[in-house]
Amino acid sequence: MQKQISIYEEGRAPRESWLDRPLLASVTWEQVLYVAFILIAIVSRLYDLGVRVMSHDESLHTYYSYNLVMGRGFQHTPLMHGPFLFHITALSYFLFGDSDFTARLPMALLGILMVALPWFFRRWLGRSGALITSFAFLISPSILYHSRYIRQEQSILIWSLLTALFVWRYLEGRNWRWLIGLTIVLALHATDKSTSFLNVAMYVIFLAPLALWELYHWRKNRRDWLNLIFFGAAMAALLVLVSALYAALGTWLAGAMGLKDVAVGVNTIVLSLDRQELLFIGILLAISVPLVVAMAYLLRATFGKWLAEATVAAPSLNVVLVMVVTTLFMGSAALLIVLNRFWHRIAGADLVEISLLGSMNNLSNNAQVVTVMFAISFALIAISVAIGVVWNWRRWAVYIAVFIGVTLPLFTTLFTNGAGVGSGYVGMLGYWMAQHDVMRGSQPPYYYFLIVPLYEYLVVIGAACAVTYMAYQSFNVLRAKPVAVVPVTDESGDSSTSTSTISEPPTLAKTYTSASTMSRLFAIFMVWWMVATWAIYSIAGEKMPWLTVHFALPMAMLTGWFLQRVVNGEVMAQFRHREGWLASGLSLLGVVLIGRALSVLGGMDLSNGAPTQTFGFIGNLLVVAVGLALVFYALGRLVAPGTIARLLTVSAFAVLSVLTIRTAIMASYINYDYAREFLFYAHGAPGVKIALDQIEDLSKRLGGKEPLSIGYDSDTSWPMSWYMRSYPGQRFYGEALPDDFANMQVILLGDGNPRRSDNEQKLAGQYVKFDYMLIWWPMQDYYDLHKSAQESQFGADGLTRIRYMLSTPRTREALWQIILNRNFQPYAELFNRRDLTPDNWSPGHRFDLYVRNDVATQVWDYRVGQVAGAPAPAAVAPVVNRVESPSMIAFSPDGARYVIDHKGYRVFELDASNNILRSFGGFGGGVGKFNDPWGLAVANDGSIFVADTFNHRIQKFDRDGNFISTWGKPGMGDAAGVGQDTVFFGPRDIKIDSTGNFLVSDTGNKRIQVFDPDGNFLAQIGKAGAGDGEFNEPVGIALDAAGDIYVADTWNKRIQVFDPTYKFLRKFDVAAWQSMDPNVLQSVENKPYLAINGDTLYVSSPRGGQVLAYSLAGQLQPLADVSFNPNDWPTGLAVRDNMLYVTNAANGQVSAFVLGAAPQ
Amino acid sequence: MTGEHLVWAGIALIAVVSRLVYLDFAPLNNAEAATSLRALALVQNGNEFAGAISANTSAINPLFTSLQAFLFGVFGPSDFAARLISALAGIVLVLLPWLQRAGMGRSRALWMGLFLALSPTLWFVSRQADGAVLAWMLAVATYTAWRISAQPSHQISGPIIAGMCLGLLLACGQHAVAPLLVVLAARLVSPAVPIDWRRFGSAAAISLVLGSTGLLFRTTGLGDVFNGLAGWWQQLTQPGPFVAGRLLMGLAIYEPLLYISALIGIIWLLVHRQSWRGEWVNVARIAVGLVLLLVIQGRQPDLMVPIIMGLSGFAAAGADAVVRNIRDHAVPRFEGTLASISFVLLMLGAVAFRQYASSADTTWLLLIAVAALFNLALLAFGNLLSGFGVGLRAIAIAAGLMLGLHTLSAAIQLNQVRPTNPAEPYVIAPPGEELRIMAQTVRTISIRAYGEGSTLKLDVPADTPASALWALRTQTSLTLRGASEDSEAALTPISQRPGTADGGTADGGTAFVGTGFVMQRSLNLNAVRCTPAGERTDCSAVARWVAFREAGTPSLTQWIFWLRGDIAALASGSR
């Protein structure tokens, strides 16, 4: 070998240095575009990376990584997946310090790498296809968001891509270096997340048939099929036999050695290295040697020759074997579950309790599981060794060494955590298989079918087009023949084979006939990848939004593959002349017009028969249709029909790309802290960082000798454990405040703390309070679509709910606003949902920041908060504290007064001084819970009736607030019903007549329903319309002494009167409503109620800030003494003892006015 | 564009990012603030305390002060602008080896540039609002220009540039002396270069005059130069805040990559009997730097610059030799495997060390020993199996990677993450970040009370720390008369309060309300030592300091900001 020349060696000519190599001599547009994508990725992945509040899971990851870098070690637990994330995050802290930015930095860097990786897939995706895939990765909303998120998803995407790359490079070139690369990636994936098992399974299921196909085309030998099947069957049989053998041996040996059981033996070896336990495990391993030798001999005798030939003929078989021998032994949990089911069928009982797999960290508590699992693990190891020896022991040794060399240091945190061996190699899969039944998140089975298209519509459509295209082209891959013998070309371009001693002999090196065959095979693989992803993650019990990235990955590649075939030379040629540009512009316009047509059709509503609206829709459609016709005519004149289709396809994807970019920007840079994005889960709300800024500010402003003393409770511990890390005075106090709590200058108290009210009382008066949202989840109205009306928490089956949502322009618009803009306001207004506004978001979780009064006094900016427990602002009249938004007040015959708080979802009972005696209710759809309750009535026996407006039902409680019964379900229409079959839509008021029957204003169904005291339907008053006896938004009801019924027919701006037999009597306009702005009149706060005192009818006009008085004949009366501020919302009315009680829904008060003599 | 250009671009990027990112993260310390206030006084004559300072003191470094004043005039007096000159000088210093490629070899020049860019010490001094690094840069530039004068293409420009650099260096006044001594020493040990002294002298004289007088706008600057040159000698006897041990401790803890690489370089030069003709300049830099470090009592971290420069020269030789050896002789698969194992073992040692530092559990130290032993075994294994040098190369790769990570981490922690950590050897009594809160508080109150943020009549004593005065630099109604009964607002040491004649803590003046602010934190690093614990010695405090740069609780210097009751009421919105 020629000696290398150094420039330091005088007398010899220096060789050309890499320093002189020109760099920009052959730059192509393709390279420029990749560089541009990478630069955009750098900006998009790193910009404002630290500004978002840590979500619940992120705070766990970042906190334990911080512990690792601070020398507190790391104990791997499958709960938080693999240790890779924690180690790489700790490295980031070590280098760049600990902050939200540096916590997310490693994943962001991997996100940038991901955009570059499609470059290596050009040979299969095509150059344009790879470039488009890179672009799809760049703009994918879910990938972008999760590359800025400290979870494993981004790294898993990298492992998935590299796995595909290495597998296909190996299949193509058969250079064993790719298998080494594959092994490293498999190891990194295994130490990162349990999805590695799914990944391996997916590949094995695809590659095993491919191996058969390769074998068939190679040798036309049908015995290969039988051999492969026999080989697999032999492995399974061995597995069962050897597992049983190990289980029996282990138990016997443990008994013989006086150990309690196998679990103790295994547990102690990883924890304490006791001599006896070491001996135990040593003997168990020693038994393995002859067993492995025997198995290897057996396998070699049976399959050795065949395997040696088959692996040469079928490269896929080599890949399968690499995957199997390296990861098989980690799959004991999966096999345990299979065995368990098998056992259940035979013995009628479980072999082990599978749920125990979820707590594998404490091995000694799970003796039975550990015994069986480790037996299976030993068996799997033995089988893996045996296969390896039969296959190619040198290669096997290298793969195993590489795999263990990567996984062992990570699982054991560089050998400082011995328990990592058990929790990593055995516990990872076990824990997550146990979680399958837990179904954390409780997402419905169709979850991904909603959320993936919501964000990844571009690649969903692209992938669908790709699959359709493949079918259309009558795919003929199966006719391709991968049998030509060509020399392997290594990376350096040297056509000689690798110099490695364990590489394939050159005469046996095979490759596929052409690049196009590989490309087609790869396309089939991508389809399989996509289908398998949808299947696996939809079946898995735990469904979470971050898993959407796994769907996006293969679909983005398929989109690139498809568009590569659309954007051919024909399309590109268009841009070389002016007409081509014009045609492209026209095609873009055509796509926009098609979108406009859909928009017009979506807004179409011809049901009310209004001619102006009908003509409006028809006109709009005509304009769009004419526009489209012109566009297509012009296109037809400019380019060939085939090119039109291609141009339109490209234009459609261009428009979808713009929309996708918008979606991505909204999720990652605008709504990043808000629960309005379905991509988020248990996400920290922005209030957390505001509170932290306050704490930091206090810490710096107080500047005393002692550090700021901060206490936080169990409910706020995540993410506060992370955020409090650098405050030396921080202290975790659990649930109850400690006795010396007054020493804490700042206290955080979550609303989920079981001792919250006790704590609040202690803090009252001594601390200034600031209220913030802690964590929130996306809206969950898409739940239960697969359930029947009886099972659904929404009281209607999925089809009905979907049909209803799509039935009118208003509901479609509300839905569209959520889909397009994540704007929940129209939906919330439509269904009067106060839990979808940011101040009262549900599901959500709040916390309070308490600052001690003396501290707040020093830092005078802080006295703007409400002093905890201090009286509310001065009241107009008797005040009800802690009632947020009272909608109605009612009295029982014995004088007890009840107020219903529709925003607080509770009914309060007050004493004569308006102090709260008790309350009941709370938000929810269960019995005794309310969703925006408005109406309230008390029967003579003290029973309390509540119009539970947006649970669309009436609930009955006893005198003490105990639930008695409920009737009604949501529905549109005017059908009569009994009990649960009674249909309501947003009932708002309820009144009881002299006979005990009660009347309910079924507001959304535009009628009054009458029931007997037992809830049986008696009659219906009115229907939808504007005629006499017809209603449009009936709300308040009142009864006079004669039994006549007065109804506030709100949107018809009048009061209607019916006699006791429910016949229409008369009507009179309410002038205040006639002049009211229609938007104000129809606003959710403007729900008028009625009350009668003698001959006077009192009418509330909430958004008018008025209470009006009318004679029963409909003549307006003066009512000077009853006045409100313009911003008040006087709503519910009640009269008792010549006092008029008015609930003020704007400020949480109830005002009382002495009526004196009734006006004449 | 060639590969070499690309690497230099990368080094320049590192230099720019490391010198400029978060440049204003920490408030100016007292020394920086005093320097900056002098420059501020040049552009804001109406500012009382700035005027007072300018009247009483002369500029230590006239060139730096003029440049700073120019930046303040253009961009306003911000912390960033105050440090920008130093940062730019630091970037140029990193790139100067580019001009020495012909002399030292291209790859070695690259290595030197990389070492200078990554050196935590240079990283630190380049981010101080202090003219020293400018002087050091000019000194190295003078030497470099002098050296390239020997090249035919630079025979005319070389002397002129060298003269300009020398003139500007002299214009640095007090900061010029130490760099001059190093340049002279380097000149003495280097091969002679014929130079056109007429061009050199003319350029030097013109540059000196223009540089010191701020392009003739401030003629007293020339006098300041000589005052500064004379004043330098006072540093020999007047002790400053730093002891030599603290600075050497900094070198030891921040720069292991540099001195280990330098050691390899020196050994390589000796073993291969390379010519030392071009190496004596590095020896001179290290030797003179060490002498100055030991002799000067008023020493500052910038005195480490010549040592770093000299070590970088040798380290570049070492790194270049190792890389060439690897390129020419290594078997990638075998040595790569060994290097990977060695790296894991070194990481194990590092993790165990941090565990020990955190828990003081000495069993972790055993793991460090195990890691070291295994590494030695690896070395022996590699050498026995495949020949001498194999194990060494593998471990060199792993150790180089480890030390690189350590250096990067140390530099970022020192400069960007916790620049006011008093446990860092180069950081003494850093100002608290609370200074900015105090300034913001004063501004907020002023706006609430008067509508403008700079009109609150704030009285401060004459001995107010310069860092606090700098923080309050935008307050136009600030006086140095100290707190009195008729003060609206005042800043006092914690032991005083306004409203009493003697400044004591009597009950008078109760109308004032006060809030404390930390002016600075200080830490005695003598606490970082091994202590006897029974029969053993507990060194966890040392480990803790090495691993996390934590050393007990710092002592705080707190001042109180007082606000008279009626002004407080105004500020609270009561009128």
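This structure is a prediction, so every number in the text was calculated from the model and none was measured. Note on naming: letters A, B, ... go to the chains in the order of the sequence lines (proteins, then strands), and numbering restarts at 1 for each one.
Here the closest heavy-atom approach between residue B:Arg354 and residue A:Val69 is recorded as NE-O, 2.7 Å. A pairwise comparison of heavy atoms in B:Thr2 and A:Asp20 identifies CG2-O, 3.8 Å as the closest pair. Residues B:Ser358 and A:Gly71 approach most closely at CB-O, 3.1 Å, considering heavy atoms.
Other residues, nucleotides and ligands contribute over 12 non-hydrogen atoms within 6.0 Å of the CZ atom of B:Arg101. Counting non-hydrogen atoms of other residues, nucleotides and ligands closer than 6.0 Å to CZ of B:Phe374 gives a total of 12 or fewer. The environment of CZ in B:Phe334 is crowded: more than 12 heavy-atom neighbours from other residues, nucleotides or ligands sit within 6.0 Å.
Of the residues considered (B:Val417, B:Leu348, B:Leu367), B:Leu348 shows the highest number of contacts with chain A, using heavy-atom pairs under 4.5 Å.
When the options B:Glu434, B:Glu433, B:Gln440 are evaluated for a side-chain hydrogen bond (donor to acceptor under 3.5 Å, both in side chains) with A:Lys700, the one that passes is B:Glu433.
Of the two parts of B:Leu405, the backbone and the side chain both hold a non-hydrogen atom closer than 4.5 Å to a non-hydrogen atom of chain A. Contacts of B:Leu345 with chain A are absent, with no heavy-atom separation under 4.5 Å from either backbone or side chain. Interface remark: B:Val344 contributes backbone and side-chain atoms alike to the contact with chain A (heavy atom separation under 4.5 Å).
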Item checked: Test salt bridge (charged side-chain N to carboxylate O under 4.0 Å, His left out) applied to A:Asp98 and B:Arg418, step by step -> CA-CA 10 Å; A:Asp98 50 292; B:Arg418 293 190 298 173; over 6 Å; no
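B:Glu550 is listed as a side-chain neighbour of A:Met70, based on a closest heavy-atom distance under 4.5 Å. A 4.5 Å side-chain heavy-atom check between A:Phe415 and B:Val370 finds every atom pair outside the cut-off.
In this structure, CD in B:Gln413 is found 8.0 Å from CZ in A:Phe94, a value given to the nearest 0.5 Å.
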